[in-house]
Amino acid sequence: MNDVSRSFRGNSNAARDIAHHLHPYTNFKKHEETGPLTIVRGRGIYVTDDDGKEYIEGMAGLWSAALGFSNERLATVAYEQMKQLPFYHAFNQRSHEPAINLAEKLKQMAPVEMSKVFFANSGSEANDTVVKMVWYMNNALGRPNKKKIVSRLKGYHGITVASGSLTGLPNNHRSFDLPIAGIIHTTTPHYYRGAQSGETEDQFTTRCAEELEALIVKEGGADHVAAMICEPVMGAGGVIVPPKGYYEKIQAVCRKYDMLFVADEVICGFGRTGNVWGSQTMNIKPDILTCAKALSASFLPISAVMVNDKVYQALADESNKIGVWGHGFTYSGHPVAAAVALEAQKIYDEIDLFGHARRMSPAFAKHIQSFADHPLVGEAMSVGMVGALEVVADKKTKAPFDMATVGAGNRVYNHAVARGLFIRNMGDRVAICPPLIINESELADLFGRLRQALDATLADLKSEGHFKG
Ligand SMILES: Cc1ncc(COP(=O)(O)O)c(C=O)c1O
């Protein structure tokens with residue numbers, strides 16, 4: 001994925017990693033040459049590698065570690081829960097208090113009235129569960145043809161077979177034989193890249209809604225298309241905040257065709273966009289909501305699917321007809337993960353983490369916007385505590401750098417790592433999504449390092465003749 005050259009010896013972590021460990025999201029051949037960057041400990045917003053070098057984790061790991069990388073209370077709760085009941089399942093009407101408490105808490109927090117909460121272990125599992133719920137529900141309602149699900153190009157919903165199909169990114173489909181039938185993708189609501197010449201934001205969002213409607217009609221209309229899934233703010237597709245009015249227009253189209261609206265809050269949930277939910281920031285009224293990541297501050301794997309009563313009643317009828325809802329994971333609502341997630345939510349409340357994130361958002365936005373006139377930056381965008389810079393070869397024409405020969409975003413990433421900062425480049429879009437506990441001086445430090453990384457990239461590109469400026 002990214003090119004971080006590291007030295008490694010015979011029995012070093014790096015050598016053993018290369019010998020034994022198959023990584024997610026990695027070019028395996030490149031990994032054999034460069035080895036891993038091995039992290040050994042965390043403290044606040046910082047993580048430290050096995051050479052003792054400290055980094056600001058400007059991505060909260062994978063958009064997720066809201067409380068950073070150390071928390072005594074979560075460690076204690078996990079230990080206490082392990083002593084009392086280290087594992088139990090929720091199959092066949094068994095239950096335990098951590099899962100009950102967490103389901104109750106999530107329902108209280110939900111952006112709209114929800115009826116029930118189903119637990120899984122990852123965002124992918126949660127979204128796979130949604131696909132199956134939509135299919136099961138429509139069978140229950142006697143609508144066996146109404147099964148297609150709309151997602152968006154550049155949307156990210158995970159990597160399992162169904163959630164990977166919902167994802168609208170080429171590298172998650174190529175050579176995996178995805179997407180599966182019945183998953184269809186519509187326009188990315190990215191005004192900077194997607195708007196036609198002279199098109200206003202309002203005209204652009206109207207066109208997004210029209211293109212969605214045309215796709216639904218082409219796929220058979222209300223009889224065939226069952227649901228649409230959206231990240232309120234698109235994350236792994238490049239941190240794309242749709243223009244004002246977009247969600248009102250596309251939700252109206254979904255209502256017209258009697259489709260469910262699913263909010264994938266795996267990144268946006270728990271304060272990231274300045275409200276508890278991205279749905280609140282973007283004015284979305286979901287029938288189904290998925291969340292993960294900051295649900296447990298990422299201290300343990302757990303995800304959740306919340307469904308409204310309309311969905312629940314259909315699922316309940318079908319499970320009664322068949323005799324069982326034949327879906328669930330050994331670790332659905334795992335007691336240790338659920339106890340840690342519940343404690344994370346208590347901590348969020350006690351320290352007013354969501355209020356803190358909201359109060360830090362203007363400073364975050366100011367830092368992001370301070371890059372708008374950098375020679376390399378075409379777009380500088382943020383909402384709440386997540387943002388991105390798009391690196392371009394020509395600010396005026398928005399012409400990109402050649403990805404294969406220049407790899408400008410990757411260079412920014414490498415220069416940032418060299419300066420003790422983790423960001424993420426998705427092509428030439430550079431994302432910043434720090435732990436929500438970050439304070440103003442840490443934020444200034446983060447963006448200071450990022451500016452140095454951009455300036456160093458600019459110097460490289462100029463000296464190599466890639467940037468004419
Ligand atoms: C919006 C969104 N949905 C789903 C997922 C998949 O989650 P996981 O990696 O836990 O399967 C991610 C992961 O980044 C995500 O960003």
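Counting starts at 1 for both ligands and their atoms, following the listed order.
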Six-ring centre of Phe261, Lys285 cation under 6.0 angstrom, axis tolerance 45° | no

Could you check [atom] against the protein and tell me its nearest heavy-atom contact, residue, atom and distance included?
atom: atom 2 (C) of ligand 1; answer: Tyr156 O, 3.3 Å
atom: atom 8 (P) of ligand 1; answer: Gly123 N, 3.5 Å
atom: atom 9 (O) of ligand 1; answer: Ser124 OG, 4.4 Å
atom: atom 14 (O) of ligand 1; answer: Lys293 NZ, 2.9 Å

Please state which part of His157 comes within less than 4.0 Å of ligand 1, counting heavy atoms only: side chain, backbone, both or neither.
-> backbone

Would you say ligand 1 has an N or O under 3.5 Å from any N or O of Asp264?
-> yes

Quick check, are the ring centers of His185 and His173 under 6.0 angstrom apart?
-> yes

Kindly state whether the ring of Phe447 and the ring of Phe364 have centres lying under 6.0 angstrom apart.
-> yes

For [X], counting its heavy atoms only, list the atoms of ligand 1 lying under 4.0 Å from any of them.
X: Ile267; value: 16 (O)
X: Asn127; value: 3 (N), 4 (C)
X: Ser122; value: 10 (O), 11 (O)
X: Glu231; value: 1 (C)

Which heavy atom in Thr290 sits nearest to a heavy atom in Asp264, and how many Å separate them?
-> OG1-CA, 3.3 Å

Kindly indicate, with the supporting measurements, whether the criterion side chain to side chain donor-acceptor pair (under 3.5 Å) is fulfilled by Asp128 and Thr160.
-> CA-CA 7 Å; Asp128 254 60; Thr160 47; 2.5 Å; yes

Could you tell me whether a side-chain N or O of Lys293 sits under 3.5 Å from a main-chain N or O of Leu62, the two making a donor and an acceptor?
-> yes

With salt bridge (charged side-chain N to carboxylate O under 4.0 Å, His left out) as the test, would you mind laying out the steps for Arg73 and Glu80 before giving the verdict?
-> CA-CA 10 Å; Arg73 266 174 71 177; Glu80 294 300 333; over 6 Å; no

